[in-house]
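What follows is a set of notes on a single structure, which appears directly below.
Residue numbers begin at 1 in each chain, while the letters A, B, ... track the order of the sequences.
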Amino acid sequence: MSDKNDIIESLVKKEYKYGFYTDVETETVPPGLNEDIIRLISHKKQEPEWLLEWRLKAYHQWITMKIPTWAKVKYQPIDFQSIVYYAAPKTRKAGPKSLEEVDPKLLETYEKLGIPLKEQERLAGVAVDAVFDSVSVATTFKEKLAEKGIIFCAFSEAVREYPELVKKYLGSVVPYTDNFYAALNTAVFSDGSFCYIPKGVRCPMELSTYFRINASSTGQFERTLIIADEGAYVSYLEGCTAPMRDENQLHAAVVELVALENAEIKYSTVQNWYPGDELGRGGIYNFVTKRGICKGKNSKISWTQVETGSAITWKYPSVILQGDNSIGEFYSVAVTNNYQQADTGTKMIHIGKNTRSTIVSKGISAGHGQNSYRGLVKVAKSAINARNFSQCDSLLIGNKCGAHTFPYIEVRTPTANVEHEATTSKIGEDQIFYCNQRGVSTQDAINMIVNGFCKEVFRELPMEFAVEAQKLLGVSLEGSVG
Amino acid sequence: MNNGQIILEIKNLHAGIEGKKILKGLNLTIKAGEVHAIMGPNGSGKSTLSAVLAGKSEYEVIEGEVIYMGKNLLEMAPEERAKEGVFLAFQYPVEIPGVNCAYFLKSALNEVRKYRGLSELDAIEFLNLAKEKMKLLELPEDFLKRSVNEGFSGGEKKKNEIFQMIILEPTLAILDETDSGLDIDALRIVSEGINQMRKPDKAQLVITHYQRLLNYIVPDFVHVLANGQIIKSGGKELALELEEHGYDWLTNGKG
């Protein structure tokens, strides 16, 4: 009898593949947060006065705010004064100019992560911005993109080179008053990616940012801002990993997307931060605010996320559907294994007429993992004929994990049509035995069932990412049964 | 392999579940080319026998041995048994939502082929094979695209079991109450599928409560299982006697 549970319990013993540490000389600021630290970060980045002022406003807001406690996650209180808010590899002064100037150790690191930065070795059709701790170390294919007028660069570079664009849109979707972590991010954000697609341009390649936390005791606070001007299209990918450490490290990012009339932004994430060990020691706290606004008519924003890493995930990629006929989509796979916890979902805020949103959430819980879907569908009075369809499915592997669904629906117009479907299922011994009896191993059976479960979401990912995501899922769940 | 070679030999098998002994000294020898039927009343141990042969972990073998093709079957993991050519057509096939029949069966077939040192089939080769065999069982066109057993009728589930058996070509097929839940047309189609797999180098163990399946699949031997033991063996005519007299006729005398 107990055998039965044991079988379903022990499939996750695979080492985290990206847990290595790169030994580079790092420049850091002293731990803790106060005005001086913020001034120091801003100074290091040679920022204009307005940005420093904005940071300080955010900081003063932040110190009045309380840590949100409504999420269904448990963890020891974070000591914000022990975190190092800025860490950068000590090799350059004002941002990467060409790959030749990048420390070979960093290039090697990305190589090891499967993200070669040398353009000739890249998969054709993917441009990468590599963010290492607090700074962007390299951006590939910049010139090629520039031919079409596309700006894709490190955030700090954008502040210097394109201050008007940054000033116009930064904080326009996620104001610093939004929430505790958004305020913190605004005060201390160090780098990130900036992307602008001009009117009528279809970005010819996938843009991608690869985030790597390397230094210990530091937090990563990056800021991403993507603007698709009228009629533009861009597909953007985000990946992330971190070394294995016993400590918990904080990652509090803000991502803002702006889609103008007839524009489309497709944002895909494969989140693979270090999840902690099988006893729940260490791992990244991933507290992220992601939001897009469909500002213009007929615009579209689509979030696809595969969340397999982090000790705790707290994120709700959302869409404000302001333009008439605009479309918001959220496709999510969230995996929690061992002692991982995830509270993730989306908000779809319908304001414009005939706006449509689709939510497909697939939560997979194994080990002692706790997985919650939390979603808000809000339809304003002005959103005549708005439509939403939500589907939240949970898959349980074993008897010690949990799945929870918290859908919130607020509708202010009778013309709206909102549908919500939810299912919970369990990978049963019987299913696994059935597969075994046909010659399929237990691990392959789980992968098969899990991939089948996630199919609708994987379909939304760009090709190379979909393959990667499937593999990642396999690794994440390795040892969850056996 | 020739007719007459021993495929399965069960010696003095005692087995049970959750501390309850169900099989109490079962003996059975099956040779290549033979079809054996095991009949018996409810609770006699028929399903336990199929579960133990397939390697279901909740079942415990207390005593005895099972030799399959000269190897100790009980030491093998369930997937190893499958790859060695032991196939169980389940009485209640489970649903696997999200995994379509084509993907599932192709994975299974390629596992088995790899184990046997054969090349793996690619998607097109597999589809050609599957489509050909589907006709035999009168399976609908969209069948391969549907999730394994999800929303299948009772008849479709059983057809799927036999379809898989035909594709995987096992040496020993164990058919657990394959006739249950089938209407007369489905029973005929399923039986034809099973008979197709009746070959000199293969064997079948047909477990059934009722005689009616044996009108279609004519066994070489019929065994009556009662109280965890085979209490009578005979030819196909034994099934007819059971149909006429019921199991009481045999079990009463045993006290």
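Among Y115(B), Y103(B), F104(B), the residue making the largest number of heavy-atom pairs under 4.5 Å with chain A is F104(B).
The interface of residues 106-113 of chain B with chain A, defined by heavy-atom distances below 4.5 Å, comprises S107(B), A108(B), E111(B), V112(B). Using a 4.5 Å heavy-atom cut-off against chain B, no residue of residues 327-335 of chain A qualifies as contacting. Listed in order of number, the residues of residues 142-152 of chain B that approach chain A to under 4.5 Å between heavy atoms are V148(B), N149(B).
With hydrogens and angles disregarded, no donor-acceptor distance shorter than 3.5 Å links the side chain of S365(A) to the backbone of L396(A). When atom types are taken as modelled, the side chain of E132(B) and the backbone of L129(B) share no donor-acceptor pair closer than 3.5 angstrom. Side chain of R81(B) to main chain of L53(B): a donor-acceptor pair is present (N/O by atom type, distance under 3.5 Å, no hydrogens or angles).
I427(A) has its side chain within reach of I432(A): a pair of non-hydrogen atoms, C-beta onward, lies under 4.5 Å apart. With a 4.5 Å cut-off on side-chain heavy atoms, T171(B) and M69(B) count as touching. Looking at heavy atoms from C-beta onward, F458(A) lies out of side-chain contact with F453(A) at the 4.5 angstrom threshold. In this structure, I359(A) and V377(A) have side chains that are in contact, with non-hydrogen atoms separated by less than 4.5 Å. Residues L137(B) and I162(B) are in side-chain contact: their nearest non-hydrogen atoms beyond the backbone lie under 4.5 Å apart.
In this structure, F406(A) and H404(A) have parallel ring planes: the angle between them is below the 30° cut-off, well short of the 60° mark.
Using a 4.0 Å cut-off between charged side-chain N and carboxylate O, K56(B) and E429(A) make no salt bridge.
A donor and an acceptor atom, one from each side chain of T269(A) and K290(A), are located under 3.5 Å apart. Using a 3.5 Å distance cut-off with no hydrogens or angles, the side chains of Q271(A) and T308(A) do not pair a donor with an acceptor. With 3.5 Å as the limit, one finds no donor-acceptor pair spanning the side chains of D176(B) and T178(B).
With D343(A) as the partner, the side chain to side chain donor-acceptor pair (under 3.5 Å) test is satisfied by one option alone out of R374(A), Q370(A), K315(A), K72(A): R374(A).
For L88(B), the parts lying near chain A are the backbone and the side chain together; criterion is any non-hydrogen pair under 4.5 Å. Within the 4.5 angstrom heavy-atom criterion, atoms from both the backbone and the side chain of C435(A) approach chain B. In this structure, no portion of N451(A) lies under 4.5 Å from any heavy atom of chain B. Neither the backbone nor the side chain of E60(B) comes within contact range of chain A; no heavy atoms are under 4.5 Å apart. With a 4.5 Å cut-off on non-hydrogen atoms, P170(B) does not touch chain A at all.
Checked against the 6.0 Å centroid threshold, Y316(A) and Y373(A) do not count as a close aromatic pair.
Among residues two or more places apart in sequence or in another chain, the salt bridge (charged side-chain N to carboxylate O under 4.0 Å, His left out) test is passed with R198(B) by D220(B).
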